[in-house]
> 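Quick one: structure below, then a few questions.
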Amino acid sequence: MTFDLFADLPAPPSREPITEGAVLLRAFAAGEVRELMQAIDAVIAQAPLRHMQTPGGFRMSVAMSNCGQYGWVTDRRGYRYQHEDPLSGHPWPGMPAAFTQLAARAAQEAGFANFTPDACLVNRYEPGARMSLHQDKNELDMAQPIVSVSLGLPATFMFGGMERSERPRRMRLESGDVVVWGGPARLLFHGVDILAEGEHPLTGRCRYNLTFRCAR
Ligand code: MD3
Ligand code: FE
């Protein structure tokens, strides 16, 4: 009988190139998950998570909210960024300082100086939820990267090429992982596979993803 003394040690932070323009900062936010979850709770107390409708009339399985100057929304009229939460008619909650700082540090680490996002989309996946392959192209300046932070249950992230038909690669994203997508990777098709059942000590039966964007 041997004891695995390392079984419960967290993975150390590491930097892995994914494809040209994209870098995975493994465990970059691992020490901040509890604090980030508290900030998410404050945001969604003001702007509740909701299942938005696609322009085609489907209910998204991912529940969403936003903070920052602009929020990403979808309904029968289309996809867009807007200054107000359509549920309340009020501006989205401000971006917590911990979010802004984390996003800027991650972007810096990936070679993007002075990243100042004006939008943060909060995605919540429960087991069974998924996001089908899409491009993020509602932002004005494609020279600005997108920073993505994963929290809670692990997910299989998929990313393909510049055409939807290209067979996607799969990658496991865990709590605290941060990915920066810029340059030639900025418009790649990507999505998230069906979330598996599980329980996470800090998020419960959920995965959260924060995506930081420059909308305008
Ligand atoms: C690759 N969210 O909200 S984040 C989204 O995990 C979205 O919730 C996923 O895709 C999630 O739009 C994936 C990773 C991500 C974000 C933006 C990208 C990957 C990207 C933009 C270009 C290429
Ligand atoms: Fe996306």
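Each ligand, and each atom within it, is numbered from 1 in the order the structure gives.
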> Which is the closest N/O/S atom of H190 when seen from the Fe ion (ligand 2)?
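Atom name of the closest N, O or S in H190: NE2.
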> Under 3.5 Å between some N or O of ligand 1 and some N or O of D136?
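Looking only at distances, the answer is yes, because the N/O contact criterion of under 3.5 Å is met.
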> Select one of side chain, backbone, both or neither to describe which atoms of M171 lie under 4.0 Å from any atom of ligand 1, heavy atoms only.
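For M171, no heavy atom sits under 4.0 Å from ligand 1.
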> Go through ligand 1 atom by atom and flag the ones less than 4.0 Å from a non-hydrogen atom of V192.
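Near V192, meaning under 4.0 Å from one of its heavy atoms, ligand 1 has 6 (O), 9 (C), 11 (C).
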> Which atoms from ligand 1 have a heavy atom of L121 less than 4.0 Å away?
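Those atoms are 3 (O).
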> Please confirm whether M64 comes under 4.0 Å of ligand 1, counting heavy atoms of the residue only.
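No heavy atom of M64 comes that close to ligand 1.
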> Under 4.0 Å between a Lys/Arg side-chain N and an Asp/Glu carboxylate O for D141 and R213?
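Here D141 does not pair with R213 in a salt bridge, since their nearest N and O are not under 4.0 Å apart.
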> Among the heavy atoms of F189, does any lie under 4.0 Å from an atom of ligand 1?
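So F189 does not count as touching ligand 1.
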> Is the shortest distance from a heavy atom of W181 to ligand 1 less than 4.0 Å?
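The answer is yes, since W181 has a heavy atom less than 4.0 Å from ligand 1.
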> Any idea which atoms of ligand 1 are less than 4.0 Å away from a heavy-atom of S148?
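Ligand 1 atoms under the 4.0 Å threshold to S148: 4 (S), 14 (C).
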> Once you restrict to heavy atoms under 4.0 Å, what part of W72 touches ligand 1? Side chain, backbone, both or neither.
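The answer is neither; W72 stays 4.0 Å or more away.
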> Does a side chain donor of either N209 or S148 reach within less than 3.5 Å of an acceptor in the other side chain?
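A pair is found: one side chain offers a donor N or O, the other an acceptor, under 3.5 Å apart.
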> Return the closest protein heavy atom for atom 7 (C) of ligand 1 as residue, atom name and distance.
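Here the closest protein heavy atom is M131 SD, 3.5 Å.
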> Under 4.0 Å from any heavy atom of Y125, which atoms of ligand 1 are there?
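Within the 4.0 Å cut-off of Y125, ligand 1 contributes 6 (O), 8 (O), 9 (C), 11 (C).
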> Is it the side chain, the backbone, both or neither of F159 that has a heavy atom closer than 4.0 Å to ligand 1?
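The answer is neither.
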> Would you mind listing which atoms of ligand 1 come within a distance below 4.0 Å of any non-hydrogen atom of R207?
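Going through ligand 1 atom by atom, the ones under 4.0 Å from R207 are 6 (O), 8 (O), 11 (C).
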> Between F115 and W181, does the ring centroid distance fall short of 6.0 Å?
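No - the distance between ring centres of F115 and W181 does not fall below the 6.0 Å cut-off.
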> Can you report which non-hydrogen protein atom sits closest to atom 13 (C) of ligand 1, along with the distance?
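The protein heavy atom lying closest is F157 CE1, 3.4 Å.
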> In the protein, what heavy atom is nearest to atom 21 (C) of ligand 1, and what distance, to one decimal place, separates them?
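The answer is H190 CE1, 3.5 Å.
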> Give a yes/no verdict on whether any heavy atom in V179 is under 4.0 Å from an atom of ligand 1.
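Heavy atoms of V179 never come under 4.0 Å of ligand 1.
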> Under 6.0 Å from the CD atom of E163, do we count more than 12 heavy atoms belonging to anything else shown?
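It does not: E163 CD has 12 such atoms or fewer within range.
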> Looking at F189, is R164 sitting on its ring face, NZ or CZ under 6.0 Å from the six-membered ring centre and within 45 degrees of the normal?
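Output no; distance or angle outside limits.
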> For atom 3 (O) of ligand 1, what's the nearest protein heavy-atom neighbour? Residue, atom name and distance, please.
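Residue, atom and distance for the closest contact: N123 ND2, 3.0 Å.
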> So if you build clusters from Ile, Leu, Val, Met, Phe, Trp, Tyr with side-chain heavy-atom gaps below 4.5 Å, do L210 and L202 land together?
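L210 clusters together with L202.
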> Would you check whether R213 has a nitrogen or oxygen atom less than 3.5 angstrom from a nitrogen or oxygen atom of ligand 1?
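Yes, R213 has an N/O under 3.5 Å of an N/O on ligand 1.
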> Using the benzene-type ring in the case of Trp, are the ring centres of W72 and Y79 under 6.0 Å apart?
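Yes, the ring centres sit under 6.0 Å apart.
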> With respect to R186, determine whether any N or O atom, backbone or side chain, lies less than 3.5 Å from an N or O atom of ligand 1.
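No, R186 has no N/O under 3.5 Å of an N/O on ligand 1.
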> Return yes when atom CZ of R34 has more than 12 non-hydrogen atoms of other residues, nucleotides or ligands closer than 6.0 Å, and no otherwise.
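No - once you tally the heavy atoms of other residues, nucleotides and ligands closer than 6.0 Å, there are 12 at most.
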> Is any side-chain N of the basic residue among E126 and R205 closer than 4.0 Å to the acidic one's carboxylate O?
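Looking at E126 and R205, the cut-off is not met.
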> Ring of F157, cation from R172 - is the NZ or CZ under 6.0 Å from the centre and inside 45° of the axis?
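No cation-pi geometry.
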> For ligand 1, which part of Q135 has a heavy atom less than 4.0 Å away: the side chain, the backbone, both, or neither?
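Contact part for Q135 vs ligand 1: neither.
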> Between D118 and R216, does any side-chain N to carboxylate O distance fall below 4.0 Å?
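Not counted as a salt bridge, because no side-chain N and carboxylate O are separated by less than 4.0 Å.
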> Could you identify the N, O or S atom of D136 positioned closest to the Fe ion (ligand 2)?
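Of all N, O or S atoms belonging to D136, OD1 is the one nearest the Fe ion (ligand 2).
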> Are any of the side-chain nitrogens in E174 or R207 under 4.0 Å away from the carboxylate oxygens of its partner?
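Looking at R207 together with E174, the answer is no, because their closest N to O distance does not fall below 4.0 Å.
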> Give the atom numbers and elements of ligand 1 that come within less than 4.0 Å of a heavy atom of A185.
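Answer, ordered by atom number: 22 (C), 23 (C).
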> Should the proximity of L173 to ligand 1, defined as any heavy atom under 4.0 Å, be assigned to the side chain, the backbone, both, or neither?
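Near ligand 1, L173 shows nothing, with every heavy atom at 4.0 Å or more.
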> Checking salt bridge (charged side-chain N to carboxylate O under 4.0 Å, His left out) for the pair R170/D193: CA distance, chi angles, key distance, verdict?
CA-CA 9 Å; R170 300 163 70 84; D193 205 348; 2.6 Å; yes
> Should we count CG of D41 as having more than 12 external heavy atoms under 6.0 Å?
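For D41, atom CG is crowded (more than 12 foreign heavy atoms under 6.0 Å).
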